[in-house]
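Heads up: the structure comes next, in C-alpha cells.
Here is the naming used below: chain letters follow the sequence lines, and residue numbers restart at 1 for every chain.
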Amino acid sequence: MPYDPEKIEKKWQAIWEKTGIFHAKENKEKKKFYGLVEFPYPSGDGLHTGHPRSYTAMDIICRKRRMEGYSVLYPIGFDSFGLPTENYAIKRKVNPKIITKENIAIFTRQLKSLGFSFDWSRVLSTSDPEYYKWTQWIFLQLFKHGLAYKAKENINWCTSCKIGLANEEVVGGVCERCGSEVIKKEREQWILKITKYADRLIDDLKNVDYLDRIKNQQINWIGRSEGASIKFEIRNQKSETISNNLNPNDQNYLEVFTTRADTIFGATFLVIAPDHSLIVNSESLIENYEEIEKYISDIKKASPRLVNLGLKKTGVEIKGIKAINPATKKEIPVFIADYVSMDYGTGAIMAVPGHDTRDYAFAKRYNLPIEIVVKPTDDLKSEIRNPKSETNSKFKIQNSNFAESEAYEGDGININSGFLNGLETKEAQKKIIAWLKENKLGDKTINYHLRDWIFSRQRYWGEPIPLIFCPKCKKLMENTKYEIRNTKHNEGEILNPGWVAVPEKDLPIELPEIKDFIPTKDGDSPLAKAKDWVKVKCPKCGCEARRETDVMPNWAGSNWYYIAYTISENSKFEIRNTKQMKYWTPVDWYNGGMEHTTLHLLYSRFIYKFLYDIGAVPRECGPEPYKKRTAHGMILGEGGIKMSKSKGNVINPDDYVKEYGADTVRLYEMFMGPFDQAIPWEGKSVIGVNRFLSRVWDLGESVKLKAKSEKHGSKIQGQESKDLERLLNQTIKKVGEDIEQMKFNTAVSQMMIFLNEIEKAKDLAQEVFEKFLIILSPFAPHITEELYQLLKSEIRNPKSETNSNFRSISEEPWPKYDEKLIKKDVFSLVVQVNGKVREMIECPIGISESEAKEKALSSSKIIGWTRDKEIVKVIYVQDKLINFVVK
RNA sequence: GCCGCGGUGGCGGAACUGGUAUACGCGAAAGACUUAAAAUCUUUUGGGCUUAUGUCCGUGUGGGUUCGAGUCCCACCCGCGGCACCA
C-alpha cells in the first residue's frame, strides 16, 4: 500500500479529537508546561504559511514535553476584533460578527487539518461577549486605579474619508484606502498610563529568558534616557525678568531636558517646539508674533514625512524675549523650530551647537555662535601615550578642525566651562547637576521614548469602553472639596470628572446592532449612531447620561488571552478562578513573530503586571507573564520577496496539504531553513520531505512484513547492528537537543541521515524503527501514529483505537539515549602539514600522541610532504588531529 | 543616523569551544526498470590544471592574529528588519 496521507491524516485527527488526549489537565502529580503561540487574526484570506511555522514548532515542543511526562497546555484561539473585517463590513454592509464567524470556521478547519495538538476545548475568540466581558472588566480596573485618563491627542485624520485612521492605515503620509492627505487632528482619547510601568518593564527583563534581540527591542522601544531638566530664566527685551514672581515653576522660567548637562557652558541659544505653551502665554511680549504664527501654520502644511527627513532645519527667533544661560549668565536668543517636538522631554532644548549635530546645522544656518566646551579624551590620552603614532596624527587632523565641519558628540574633557573645566564628561554631569539642584535650577530627570498608550478608537468592531459620562456627576464633582472627593470616589473618577464606571454586574456591555459601520462625519465612532444604546441612566445618580462610544484598540483582547486559556470553562471565564491560573501561569514558552515583539509583548506585559499588582493574578504566578519568548523568521515568497496579495505570490498552505499531506507541510516548514530567520518558500523543494516520508512509510511496511513472517526478535547483533544502534542513539540525542534550541532544520536532516542508513541495513530490528518513529512523531504525527499502531497491532486489537486500550504514539515516553553507545572506537585522524590536510588515518579512540605521530609519519603521503624538511613543531588534538609544522 | 540580523555551490542551507568547508534537501547530468512517460532506484555534481593518482584556488572585500580562520580582531562593501530631528 503506498503512502496515502489524505486517508490516514483525517482518520487520526478524528480519533485524537474523540479521545481528547490533548486536553490539558491540572494534574498536581505532574510538572506543567504551558506552550503558547500567537493566536491568529481570522482574516478573510485564511491561514498563511507563517502560521504553521510557529504552530508546528511549538507543537513539536509540546508533544515532546508530553512524552517527557509533563502536563501540557497548548491552547489556541482567535484575535477576532480588527480593522480588515470592519472595512470589509463597511464595503459589503454585512455585520462583522457574521464575517468573523465565517472566517473562524475556515481557520478552524485549516488548523485542524494540520494536526496540531491544541486543546480545542479551550478555544476562545476575543469578539465573543463572554470573553470581552473580562477585557472590559480589566479596563474598569485600570480606570478605578487611575491608570486610564481622557486627554486630547492628535490622531490621524483622513481629509477625504473624514475619519480617524489607525497608524497602520497611514502609509507614507496618505490614507491607505483613498490615497488622500492625512492630517493630525486633536481628539479626546482614553489613554493608559503605561509609562508608569516603564522602569519595571525594563528591569524585569533581567529575569526572563527572551532572545537578546527581543530584549533589545523592548529596551529601545521604552527608550529610557537619563539626563537633567534645567530651568532657563526668560527676560523681556529690557533685560527684566518677565514677572517679579521668582517661583521657578512659573512661566518666567523655561524648562529644558538634556542628556548632556555637562555642555551647558556651550548652550548658545534655546529652541522650543512649535506647539510649546510659551508662545501663547507670552503673546504680549513677542514682537514678531505674526511671523511666528505664519511659521507655525507653514509647518502644519508641510507633510510630516518631509519634516522627518531632517534635511532642512528651519526656525524663527522669538523676538522680544531672551533667556539667561544659568552657567554663563549670558543672554541668549530663543528660537521656535520644528526640529524640536512637544512629544519628548519638555518640548524645549538648550542648543549646544558645538556638540550636537542638529544644533550645529541650525546654528550654521542662522549664524549663531558655536562654542567648543568638550575636548575628546582619546585625543588627549593617545597624545600622551604615543605622540608620534600615525593613527594619532590622523586623529589630530580630524579633530583640530572638527568645530568647523561638524559637532563632536562624544565624551571628553570639559574646556571653556568655568568650574567644570578639566572634568571628564561623567564627572562634569554629576557636578553640574548638583550645582543646578543647589540653586533650584534643575535636577536629574529620566525621560522615556515610550508614550502613554492611546487606548480608544472611533470604530465599531472592538470592545465598547464600559464607561458612562454623567454631566450632573461632573458638576457635583467639581463643586466637591478635594478631601471629600478623595474618600468618595475612585481614582478614575477623580482623574476624569463626570466619567462613571459601568457596574460590574452589567458587564459585558455588548456592541449594539447597527446597520452602517462608517464613523460619523465628526469622527465619532459609529456607535454614536445607536442613539438608544448611547442614552443611559447614570449608575451613580440615576440622571440622564451617555455611554462612551469609543471602542478599544485591537491590542485589548490579546493583552490577557494567555490568562483566559487557563481559566476557560465551556467558553466562559472567571478571572477570580485563581486555582487554575496558579497551576498554569506563567507561560513557559511563548513563540511568535518578530513583528509583535515590541507592541503586543510590551502591552501584554504591562497589563499582566497591573493585574498582578491588584491581586487579580496571584502572587505565585510571578511578575512576568512569559518565562521564555522566541521568535520565528518570516516566510518569504519564492525568490526571497515578501509575500503580498498585490504581488500575487501568496502561498496557501491548504494547497500543499491537499497535494502532499499535513505531515509533509509540517516537516517542510521545519526543514526549510533556520527557524529564527526569514526564509523563502520553495515549492519544488517540498517534494524532498515528501519523499522522505514515503520512504519511512515503505520501510515501515517492510518491517511489519518481516515481523509477521519471521516472528523476528528484536535482539541487535553484529557490527552492522552496532553501527545502527550508535546512529540511533546519536539521532535521539541530536533531535532532542535540536528541538530545545529550535534548530528544527538540522533535527530533520539528522533523521534523514538515519533513514538513509537504516534503509541499507539488511537486518533492521523493529525496536530500532519504533524508536525512530517516536522521535519523528512530533514532526509528522499522522504517519508515525499509523505506522506505530500497525507495528503494535499484533499485541493490540487494531480496531480498538477509541477504547481504553488505545495508546497513542504521542503517549509513549521520549526515548533516552546512551552516551556510551554513541562513542565510537575508531576515528579518522586528520593529518596536516603546515595546517593543510594531507592525509586521514583510521585510528583507535584514545590513541596516544606518540603512536599517532608514528602512524602519521609512516604514511607515504606524509613522507612526501616532510622529506628534506625539518619538523619544527607538532600540534596534537586528542582523537582528532595532528599537525606537523615544517620548514 | 541609531539598534538588530545576515552574506558559504545553480538554489534552500550545514559546520560543536578556531581543527576534514559545502552535511541534509532541491535542481541538473548519466544509467537501470518500462512499449513509453511518470514514479522509483543507482552514480556524479564548487572551480582550475591534470589521464583517474594528484595538486592549486575557494565561505562579500581588504588587512591582521594563529601551526591552522567560514568561525577571532580591525577597516570597509552589500542585503534585510526595526526605530528615527529622542534633545
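Closest contact between the side chain of Asn883(A) and the listed nucleotides G25(B), G19(B), A87(B) involves G19(B). If you check G6(B), C26(B), C67(B) against the side chain of Arg691(A), the one that comes closest is C26(B). Closest to the Val837(A) side chain, of the nucleotides A15(B), A21(B), G4(B), is A21(B). Closest contact between the side chain of Tyr339(A) and the listed nucleotides C85(B), G13(B), A87(B) involves C85(B). Side-chain atoms of Pro674(A) lie closest to A14(B) of the nucleotides A23(B), A14(B), G12(B). Comparing C11(B), A87(B), C56(B) against the side chain of Glu682(A) picks out C11(B) as the nearest. Residue Thr746(A) has its side chain nearest to A14(B) when only G13(B), A14(B), C24(B) are considered.
Contacts of Met840(A) with the nucleic acid, taken as non-hydrogen atoms under 4.0 Å apart, include base atoms. In this structure, Asn216(A) reaches the sugar-phosphate backbone alone: every heavy-atom distance under 4.0 Å involves primed, P, OP1 or OP2 atoms, never a base. Using a 4.0 Å heavy-atom criterion, one finds that Leu881(A) contacts the bases of the nucleic acid, with or without backbone contacts as well. Heavy atoms of Gln217(A) sit nowhere under 4.0 angstrom from any nucleic acid atom. Contact annotation for Arg224(A): no contact, since no heavy-atom pair falls under 4.0 Å across all strands. Looking at heavy-atom distances under 4.0 Å, Asn756(A) makes contact with sugar-phosphate atoms alone, never a base. Heavy atoms of Ser694(A) sit nowhere under 4.0 angstrom from any nucleic acid atom. Among the protein residues, Trp681(A) comes within range of no part of the nucleic acid, since none of its heavy atoms lies under 4.0 Å from any strand. Contact annotation for Asn447(A): no contact, since no heavy-atom pair falls under 4.0 Å across all strands. Residue-level contact check: Val874(A) touches neither bases nor backbone, having no heavy atom under 4.0 Å from any strand. At a threshold of 4.0 angstrom between heavy atoms, the contacts of Arg451(A) with the nucleic acid are absent.
Atom NZ in Lys215(A) sits about 23 Å away from atom P in G82(B), given to the nearest Å. With rounding to whole Å, Asn745(A) atom CG is found 15 Å from C26(B) atom P. In this structure, Ile641(A) atom CD1 and G12(B) atom C1' are separated by 15 Å, rounded to whole Å. Between the P atom of G58(B) and the NZ atom of Lys836(A) lies a distance of 8 Å, rounded to the nearest Å. For Ile862(A) and U55(B), the CD1 to C1' distance is 14 Å, given to the nearest whole Å. With rounding to whole Å, Asp879(A) atom CG is found 19 Å from U17(B) atom P. Rounded to whole angstrom, the span from the CG atom of Asn834(A) across to the C1' atom of U66(B) amounts to 13 Å. In this structure, NZ of Lys760(A) is placed 12 Å from C1' of U42(B), rounded to the nearest angstrom.
No hydrogens or angles were tested; on distance alone, nothing pairs the side chain of Glu595(A) with the base of G81(B) as donor and acceptor under 3.5 Å.
Comparing the same atom, P, in U8(B) and in G70(B) gives a spacing of 15 Å after rounding to whole Å. Nucleotides G7(B) and A87(B), compared at atom P, are 32 Å apart to the nearest Å. The separation of A75(B) from G81(B), taken at their C1' atoms, amounts to 25 Å, rounded to a whole angstrom. C78(B) and G62(B) are spaced 15 Å apart, taking the C1' atom of each and rounding to whole Å. For the C1' atoms, the distance linking G25(B) with U35(B) amounts to 34 Å, nearest Å. Atom C1' of C5(B) sits at a distance of 42 Å from the matching atom of U42(B), rounded to the whole Å. Nucleotides A21(B) and U71(B), compared at atom C1', are 11 Å apart to the nearest Å. To the nearest whole angstrom, the two C1' atoms, one in G12(B) and one in G63(B), are 32 Å apart.
Base pairing of C49(B) is made with G54(B), judged by Watson-Crick or G-U wobble geometry with both donor-acceptor distances under 3.5 Å. Pairing partner, U61(B): A75(B), with both Watson-Crick or wobble hydrogen-bond distances short of 3.5 Å. Shown here, A69(B) forms no base pair; nothing in the strands shown gives a Watson-Crick or G-U wobble contact with both key distances under 3.5 Å. Of all nucleotides present, only G1(B) satisfies the Watson-Crick or G-U wobble test against C83(B), with each distance under 3.5 Å. Across all strands shown, the partner of C24(B) is G12(B), judged by Watson-Crick or G-U wobble contacts whose two distances both fall under 3.5 Å. Pair assignment for A32(B) gives U40(B), based on Watson-Crick or G-U wobble hydrogen-bonding distances that are each under 3.5 Å.
Ion pair Asp343(A)/Arg451(A) not flagged as a salt bridge, since none of the NZ, NE, NH1 or NH2 atoms sits closer than 4.0 Å to an Asp/Glu carboxylate oxygen. In this structure, Arg365(A) does not pair ionically with Glu317(A), as no charged nitrogen and carboxylate oxygen lie closer than 4.0 Å.
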* Does the salt bridge (Lys or Arg N to Asp or Glu O under 4.0 Å) test come out yes or no for Lys215(A) and Asp212(A), once each step is laid out? -> CA-CA 5 Å; Lys215(A) 280 191 186 178; Asp212(A) 280 345; 5.3 Å; no
* Chi angles and distances behind the side-chain hydrogen bond (donor to acceptor under 3.5 Å, both in side chains) call for Thr731(A), Gln750(A) -> CA-CA 6 Å; Thr731(A) 304; Gln750(A) 179 65 34; 3.1 Å; yes
* Kindly indicate, with the supporting measurements, whether the criterion side-chain hydrogen bond (donor to acceptor under 3.5 Å, both in side chains) is fulfilled by Thr630(A) and Asn591(A). => CA-CA 5 Å; Thr630(A) 50; Asn591(A) 186 72; 2.8 Å; yes
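By the rule that a glycosidic angle within 90° of 0 means syn, G81(B) does not qualify and counts as anti.
Between Pro680(A) and Lys734(A), the one whose closest nucleotide on RNA chain B sits nearer the 5' end is Pro680(A). When each of Gly688(A) and Lys861(A) is assigned the nucleotide of RNA chain B bearing its nearest heavy atom, the one mapping closer to the 5' terminus is Gly688(A).
For the OP1/OP2 pair of C56(B) and a distance below 4.0 Å, the side-chain nitrogens and oxygens of Arg838(A) include at least one atom meeting the criterion. Contact between the side-chain N/O atoms of Trp221(A) and the OP1/OP2 oxygens of A84(B) is not found at any separation under 4.0 Å. A close approach under 4.0 Å does not occur between any side-chain nitrogen or oxygen of Lys880(A) and OP1 or OP2 of G19(B).
At least one side-chain heavy atom of Met752(A) sits less than 4.5 Å from a side-chain heavy atom of Phe671(A).
For the 3.5 Å distance criterion, the side chains of Thr597(A) and Gln217(A) qualify, holding a donor opposite an acceptor.
A ring-centre distance under 6.0 Å is not found for Tyr660(A) and Tyr668(A).
The environment of Glu595(A) atom CD is dense: over 12 non-hydrogen atoms of other residues, nucleotides or ligands sit within 6.0 angstrom.
Phe335(A) and Phe269(A) have perpendicular rings, their planes meeting at more than 60° on a 0 to 90° scale where under 30° would count as parallel.
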